[in-house]
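To keep things clear, I will list the structure first and then write my remarks on it.
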Amino acid sequence: MPVMSYIQAVTTALREEMQRDEKVFILGEDVGKKGGVFKATEGLYDEFGEYRVLDTPLAESAIAGVGIGAAMYGMRPVAEMQFADFIMPAVNQIISEAARIRYRSNNDWDCPIVIRAPYGGGVHGALYHSQSVEAIFANQPGLKIVMPSTPYDAKGLLKAAIRDNDPVLFFEHKRAYRLLKGEVPTEDYVLPIGKADVKREGSDITIITYGLCVHFALQAAEKLAEDGIEAHILDLRTVYPLDKEAIIEAAKKTGKVLLVTEDNKEGSILSEVAAIISENCLFDLDAPIQRLAGPDIPAMPYAPTMEKFFMMNPDKIEKAMRELAEF
Amino acid sequence: MPVMSYIQAVTTALREEMQRDEKVFILGEDVGKKGGVFKATEGLYDEFGEYRVLDTPLAESAIAGVGIGAAMYGMRPVAEMQFADFIMPAVNQIISEAARIRYRSNNDWDCPIVIRAPYGGGVHGALYHSQSVEAIFANQPGLKIVMPSTPYDAKGLLKAAIRDNDPVLFFEHKRAYRLLKGEVPTEDYVLPIGKADVKREGSDITIITYGLCVHFALQAAEKLAEDGIEAHILDLRTVYPLDKEAIIEAAKKTGKVLLVTEDNKEGSILSEVAAIISENCLFDLDAPIQRLAGPDIPAMPYAPTMEKFFMMNPDKIEKAMRELAEF
Amino acid sequence: MAKNRHEELGLSNEEVLEMYKTMLLARKLDERMWLLNRAGKIPFVISCQGQEAAQVGAAFALNRSEDYIAPYYRDMGVVLAFGMTAKELMLSAFAKAEDPNSGGRQMPSHFGQKKNRILTGSSPVTTQVPHAVGVALAAKMEKKDFVSFVTLGEGSSNQGDFHEGLNFAGVHKLPVITMVENNKYAISVPIEKQLGNPKVSDRALGYGMPGFTVDGNDPLEVYKVVKEARDRAVSGEGPTLIEAVSYRLTAHSSDDDDRAYRNKEEVEEARKLDSIFTFAVYLKDLGILTDEIENEFTNEITSIVNEATDYAEAAPYAEPEEALKYVYEE
Amino acid sequence: MAKNRHEELGLSNEEVLEMYKTMLLARKLDERMWLLNRAGKIPFVISCQGQEAAQVGAAFALNRSEDYIAPYYRDMGVVLAFGMTAKELMLSAFAKAEDPNSGGRQMPSHFGQKKNRILTGSSPVTTQVPHAVGVALAAKMEKKDFVSFVTLGEGSSNQGDFHEGLNFAGVHKLPVITMVENNKYAISVPIEKQLGNPKVSDRALGYGMPGFTVDGNDPLEVYKVVKEARDRAVSGEGPTLIEAVSYRLTAHSSDDDDRAYRNKEEVEEARKLDSIFTFAVYLKDLGILTDEIENEFTNEITSIVNEATDYAEAAPYAEPEEALKYVYEE
Ligand SMILES: Cc1ncc(C[n+]2csc(CCOP(=O)(O)OP(=O)(O)O)c2C)c(N)n1
Ligand SMILES: Cc1ncc(C[n+]2csc(CCOP(=O)(O)OP(=O)(O)O)c2C)c(N)n1
Ligand SMILES: [Mg+2]
Ligand SMILES: [Mg+2]
């Protein structure tokens, strides 16, 4: 199996899906000739031509809205938001439209659109190129939100998202793009949307997280293992709607749960995970549910001192894991 | 003390603040001559003139954005979104701009804007005139979200919001407008933003809720009291950032907690409340934290059968309270 | 006698009669809905009254078995012309399970019907504009010959989605026709407080497309300009912006009282130009609409409206648990 | 010899020299930032190069001690003219605590400085347009004589906020001047793929305001049109849309490689019109910019840039916990 980077996995999934199905097309800012500001669509313009890798005007509500119209017609648009932070002008189209089209038409119409966006920090991106925006959308039935943590998952989940008959937000951690490498099958495969995945088996403490933080948690877990503490790590993969069964199972497994996100703490995905656990396995817990998250400040500052203060990393997770293990 | 309706309390607060401070002005769709589609600004156009009760073009991003600009200059805009559902086109201005202006300028600039919007269902408003939208914003440091449950609170909190030097989203339940009446002092008073309020003392079970549901919960509590079950009811009042101390205290008080919202369940304000409790008072609980909420469907349908199925009411709350009390 | 203006547009006498009949059906259905609302039988009405000529004139200029439409809430005339029936509209007004638009989930006038290529619409205004552009993009990509047609109010043309959608269409010369139904008010706000330049069609220039303002009370003028726009669209010449000016003859909706912001005289003045009246005069003048035909239409429409009402009133609501369906593919 | 064009605009020789010097300072600071970036000392640069004439020409036409500005990220020339210093700009480039724009919280070129009435800006493009309109609304409400001035790129003029903001200003005839700095690219996307009508000023008509396209390489032409716009604004005649056409001489930013989407020849061609060069020729031709003055400027600017760089490089970062401050009023 070839080893590829996270972003190569994304590009591969796009290419394969475009080859498989003529209805699949990409639209977004600078996705064409330039191949995207992160190069996620590199080479696709040359292979598939302008109208399947379409450079749009600088207008996110139109990117989403035109994509939605094309999806209603029967196309398979994959829209790119240049940064997750710039999805905000498209919120009305995503929440009021994409998420409600099937429901409001009583199943007459559907809206199979994928909206990809690079999220996350640790790249000197400052307030508006570092944000985690999933919590804004993680309360909208009709939407699915996928946030893969490995190249393997990225390929399999992006393919699933493109084939899904409902709208999917697909958030890729921009620091993972080149940082993470892993084995990715050349064959066609899809991974199930809506299912969490155990990334490490362990019996002492449970870590539930997603995205780049999975990688950090795995690193921290190796450190703990040296001291005989075995962490069980659940990767949510789909952060909305959540995989309740998997969360409950993982929480019960060790009775000590640490939830980790790079997002701000209050009102994050972790809140719902904690609520699910406290609703369903209160008496299985041996410790309060711990949340490790970014501080409740608008977003990550630019200066390296303050960025580091905000950004999640293996050390912060390790510390929280040790505290929980000792509880 | 005069008795007034919830909407009269809103209008009174607006009028008094406009009389007190010339910088306060209102802008929104149909707020002028018509006095607003719900009549929240009735009479103000005649009293204060066009430029302090400004009918704007039909463009929510401009309503928010122009308000933000005026607020940076030093005015005190109170923007009205005709329905909370139509705040979506303004999300970029609210989240990227209003919420971050103080922070991103390192305290050089500020943005004292209030954005009022009628939310909630039970009024044959269907999918797009019934929504609870607070969860979308309840993860954005820099914002405050206030949702009063009584005429008294509405007046005191709206005045506080207008005087607050940071942006405040102020959601008023549209069914509460004429349904709820109560005593409201004619004097000037403000209530603290960020503080929850005990609306009923009780020792058997704790209900934590906000908005119109407080009213429903109080009704249900009276029923339970007939059977000797005393409910403690905490009204969150400010749903972001949450009043942690009050939540912890209320949860500990009875050890049995029911959280209620009219919003969908997954990813609602209740998730964070549950997370706070499970992080801070796990060992004080005698029952799993229960959440009573709308189903996870995009929004409330129009047909009365389905609307009723979705909408919160005293009976549903009473049933959940009894179950919890018996746990 | 009036000059025959429809012949040179290629419209037969039968066709103009059909147009008139469709306008009349829309008007009568709408009037009935107000009665039902005032009788407490349906919670909400939002009207087409005053805009039927623009709606029907435009719809007849399209290919009604191939084109896609993204109508807005006043477009009863458009959807009737595109195949939605009076019964279906009444089912929607009564919020009954059988309503093809939404199964009673949405308010009335939130149109949508896939089999007639009527895109599903929502309440937040103007979101449909980019959707229609997306359909037109699909037409271009798939090298198909249909066009998409989208409408909205003049107030709604101030939303960002109007700008973003039309510019997108302009850049890629997409086969989409945007018709703004300028009825002079957005709820209570008159055009001079709504539009920096009250002539909406002047915005076309900024997007590199032709723009036209036409008399929205004249179905033939609207027919002509939409027909030409469609011809340009299918021959690859791109989009067109059309503004059809008329007047909103009713209050904004059944929840509105327009006396607070406009005077009776203004409304009475506008009634004189009401197309239901003026188009009938034109057809009568030319001897096309005879008394006999008129009676026939009236009777037929009355019984259509009656039947639709009776059927819809008697039809069942969706079961409560139906609300749980179709959040995602099932 | 060139014709003296600044006299008739009411500009003295000293003033045009001051304009030139400001342009030159912007250019030299920008060039230094690229060097610092390539040396790994600052993570990011986004340039004003090619747009200095439009920026400085416009700023000089405003009342720099009363007007409010909402600049976009390329506007180093504008903020320098409005009182931000080279040192302050370098502090921002190095993300140091003392940076008045954001205390090192935002990327460089996210301008903001209350004492100079520079509204704080963000990264999502075009949000500043409604802000400037809001400030102009305040001016009208408070019957004050200042105007607000807002800039953006031509690609950004496709955002909904442009449309909504300008229409709002048009309806209420607000004293706001919008200048689109058309540098022919939005990152990799050339104007013909960005704008349905490549002439941005044609959009003014739709908002009921005058629109002008001027040579953005000529500071005097820009000065003139902004000056006139300001005169109209303060006399209650409302807003103006100005398009200043030039060219982006650098890659989009230090993260971009423009070879993927435009060719060297095109850039070389544009360099010939570079205002730093052409305006100097004009001033020399008229004998205003002598060799002596030029040397003086060069020396002065070099030492300003050096000092600013040294100071900023040596300045401390904010403490990590500073990140927790000023979420709300404290
Ligand atoms: C985004 C949004 N904001 C506000 C509303 C509330 N609203 C419904 S119709 C309307 C006025 C529309 O006016 P116009 O576009 O002129 O259409 P008309 O009703 O006159 O046909 C408003 C403000 C809405 N539906 N959507
Ligand atoms: C809402 C939003 N979408 C995308 C971006 C990413 N982005 C930054 S600059 C830019 C291009 C801007 O082009 P233009 O408006 O022409 O200004 P220029 O950079 O050419 O001066 C893009 C797409 C952004 N900053 N904001
Ligand atoms: Mg209208
Ligand atoms: Mg540009």
Side-chain angles (χ1 to χ4, degrees), chain B residues 28-39 41-43 45-46 50 54-63 65 81-90 92-93 123-131 264 266 294-311, chain C residues 42-44 92 94-97 99 102-108 110 121-127 152-163 185-191 193-196 252-253 255-262 316-328:
Chain B
E29 294 156 10
D30 306 291
V31 295
K33 269 199 189 166
K34 185 174 162 73
V37 294
F38 291 99
K39 302 287 177 204
T41 55
E42 186 154 44
Y45 179 90
D46 289 337
E50 180 183 357
L54 192 67
D55 275 332
T56 65
L58 207 182
E60 285 75 11
S61 189
I63 294 172
M81 298 285 150
Q82 197 158 84
F83 286 81
D85 316 65
F86 305 142
I87 202 170
M88 308 291 180
N92 191 35
Q93 283 290 348
V123 297
H124 311 305
L127 299 186
Y128 295 99
H129 297 79
S130 304
Q131 293 173 80
N264 315 108
E266 181 163 351
D296 282 323
I297 62 179
M300 218 170 283
Y302 186 55
T305 44
M306 294 188 285
E307 182 184 56
K308 198 170 159 210
F309 178 77
F310 187 117
M311 185 64 192
Chain C
I42 64 174
F44 184 76
S92 166
F94 278 95
K96 295 304 174 68
D99 156 35
S102 76
R105 290 172 170 200
Q106 294 214 74
M107 290 178 139
H110 286 58
S122 62
S123 305
V125 299
T126 325
T127 49
L152 66 157
E154 82 293 344
S156 303
S157 78
N158 295 319
Q159 286 279 339
D161 271 357
F162 175 86
H163 182 68
Y185 283 89
I187 308 188
S188 72
V189 183
I191 39 176
K193 294 283 168 191
Q194 193 63 252
L195 296 159
H252 172 73
S253 74
D255 289 343
D256 179 39
D257 180 354
D258 58 347
R259 288 169 303 183
Y261 56 82
R262 66 179 183 182
Y317 286 121
E319 291 300 316
E321 296 74 19
E322 283 288 306
L324 297 174
K325 278 195 178 163
Y326 310 131
V327 179
Y328 300 101

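What's counted below: heavy atoms across the whole structure, side chains too, no hydrogens, waters or symmetry copies. Bear in mind that the values here come from a model prediction, so they are computed numbers and not experimental data. Proteins come first, then strands; the chains are lettered A, B, ... in the order of their sequence lines, and each starts at number 1.
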### Task
Measure up the H110(C) and Y128(B) rings against each other and bin them: parallel (under 30°), tilted (30 to 60°), perpendicular (over 60°).
parallel
### Query
Nearest heavy-atom pair of Y317(C) and A303(B): which atoms, and what distance?
CD2-CB, 4.1 Å
### Task
May I ask you to test the S122(C)-L127(B) pair for a side-chain heavy-atom distance under 4.5 Å?
no
### Task
Could you pull out the closest heavy-atom pair between A59(B) and N158(C), with the gap in Å?
CB-O, 3.6 Å
### Selection from V189(C), I187(C), T126(C) maximising heavy-atom pairs under 4.5 Å formed with chain B
I187(C)
### Query
If you look at every heavy atom in R105(C) and M306(B), which pair is closest and at what distance?
CG-CE, 3.8 Å
### Within-4.5 Å side-chain heavy-atom neighbours: D256(C) and K34(B)
yes
### F94(C), part contacting chain B, at a heavy-atom distance under 4.5 Å
neither
### Query
Looking only at heavy atoms, which two atoms of D30(B) and S188(C) are closest? And how far apart?
OD1-OG, 2.7 Å
### Task
Mark yes when over 12 heavy atoms from residues, nucleotides or ligands other than K39(B) sit less than 6.0 Å from its NZ; otherwise mark no.
yes
### Task
Under 4.5 Å heavy-atom distance to chain C, tell me which part of Q82(B) shows up: side chain, backbone, both or neither.
side chain
### Student check: side-chain heavy atoms of M88(B) and P124(C) closer than 4.5 Å
no
### Query
Heavy-atom distance under 4.5 Å between the side chains of L324(C) and F309(B), does that happen here?
yes
### Message
Within the 4.5 Å heavy-atom criterion, are Q194(C) and P57(B) side-chain neighbours or not?
### Response
yes
### Query
If you round to the nearest 0.5 Å, how far is NZ of K325(C) from CD1 of I297(B)?
13.0 Å
### Query
How about E319(C): does its CD atom have over 12 heavy atoms from other parts shown lying under 6.0 Å from it?
no
### Which portion of F310(B) sits near chain C, non-hydrogen atoms under 4.5 angstrom
neither
### Query
Do you know which of G155(C), A260(C), G103(C), G153(C) has the most heavy-atom pairs with chain B at a distance under 4.5 angstrom?
G155(C)
### Message
As an exercise: rank M300(B), K308(B), K33(B) by heavy-atom pairs under 4.5 Å with chain C and give me the winner.
### Response
K33(B)
### Query
When rounded to the nearest 0.5 angstrom, what distance separates CG in L58(B) from CZ in F162(C)?
13.0 Å
### Query
Is there a side-chain contact between K193(C) and E50(B), using heavy atoms and a 4.5 Å cut-off?
yes
### Query
Of the non-hydrogen atoms in H124(B) and M107(C), which two are nearest, and what is the gap between them?
O-CE, 3.7 Å
